[in-house]
Amino acid sequence: MSHTYRAEILGQFGDAPAAVVTYSISHYSPASWNGPGEGDEIEIESIRPPSYEITEEDEAFLRRHARYEDFVEARS
């Protein structure tokens, strides 16, 4: 079961979002006889503006954001 998240990546000055991303993170599956382990990959469903390129820092932020959202949901 995959959960969809929506996050705003702030611009350089933090006054407006540089991008709005809708994404999910695939669940980890261990290695098996038919291939290596995979998962925990960010799957971008939409991004505005479409020309925005996700950096390593953005990816780390999106992972933290997803963990936080899951934490808040689990507590409610």
Side-chain angles (χ1 to χ4, degrees):
M1 182 174 173
S2 180
H3 190 275
T4 301
Y5 306 94
R6 181 183 177 279
E8 294 181 351
I9 298 174
L10 294 181
Q12 181 178 2
F13 301 107
D15 56 350
V20 177
V21 182
T22 303
Y23 68 102
S24 61
I25 298 180
S26 63
H27 295 288
Y28 178 76
S29 61
S32 67
W33 64 272
N34 61 351
E38 58 183 38
D40 293 334
E41 294 182 19
I42 293 179
E43 300 170 8
I44 303 296
E45 295 179 16
S46 72
I47 188 166
R48 296 282 181 245
S51 61
Y52 187 85
E53 293 192 28
I54 301 289
T55 65
E56 287 183 22
E57 291 83 16
D58 295 337
E59 187 174 321
F61 166 74
L62 294 174
R63 290 179 188 284
R64 286 191 309 273
H65 175 263
R67 283 193 301 271
Y68 175 75
E69 290 293 318
D70 289 345
F71 172 76
V72 169
E73 184 177 316
R75 292 193 57 141
S76 60

> Using the salt bridge (Lys or Arg N to Asp or Glu O under 4.0 Å) criterion, which residues pair with Glu69? Sequence neighbours excluded.
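Partners of Glu69 under the salt bridge (Lys or Arg N to Asp or Glu O under 4.0 Å) test: none.
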> For a quick test of your reading: what N or O donor-acceptor pairs under 3.5 Å do the side chains of residues 46-54 make, sequence neighbours left out?
residue: Ser46; atom: OG; partner: Thr22; partner atom: OG1; Å: 3.3
residue: Tyr52; atom: OH; partner: Asp58; partner atom: OD2; Å: 2.7

> Looking only at non-hydrogen atoms, find the nearest pair between Arg6 and His65 and report the distance.
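Nearest heavy atoms, Arg6 then His65: O-CE1, 3.2 Å.
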> Closest heavy-atom contact between Leu62 and Ala7?
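It is CD2-CB, 3.8 Å.
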> Could you tell me which residues satisfy side chain to side chain contact (heavy atoms under 4.5 Å, CB included) with Ala66, sequence neighbours excluded, listed by chain and number?
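Tyr5, Tyr23, Ile25.
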> Roughly how far apart are Glu41 CD and Ser26 OG, rounded to 0.5 Å?
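It comes to 5.0 Å.
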> Taking all atoms of both residues into account, what is the closest heavy-atom pair of Glu8 and Pro17, and its distance?
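Of all heavy-atom pairs spanning Glu8 and Pro17, the closest is OE1-CG, 3.7 Å.
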> Any link between Val20 and Ile42 through a network of hydrophobic side chains (Ile, Leu, Val, Met, Phe, Trp, Tyr) touching at under 4.5 Å?
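No, no single cluster joins them.
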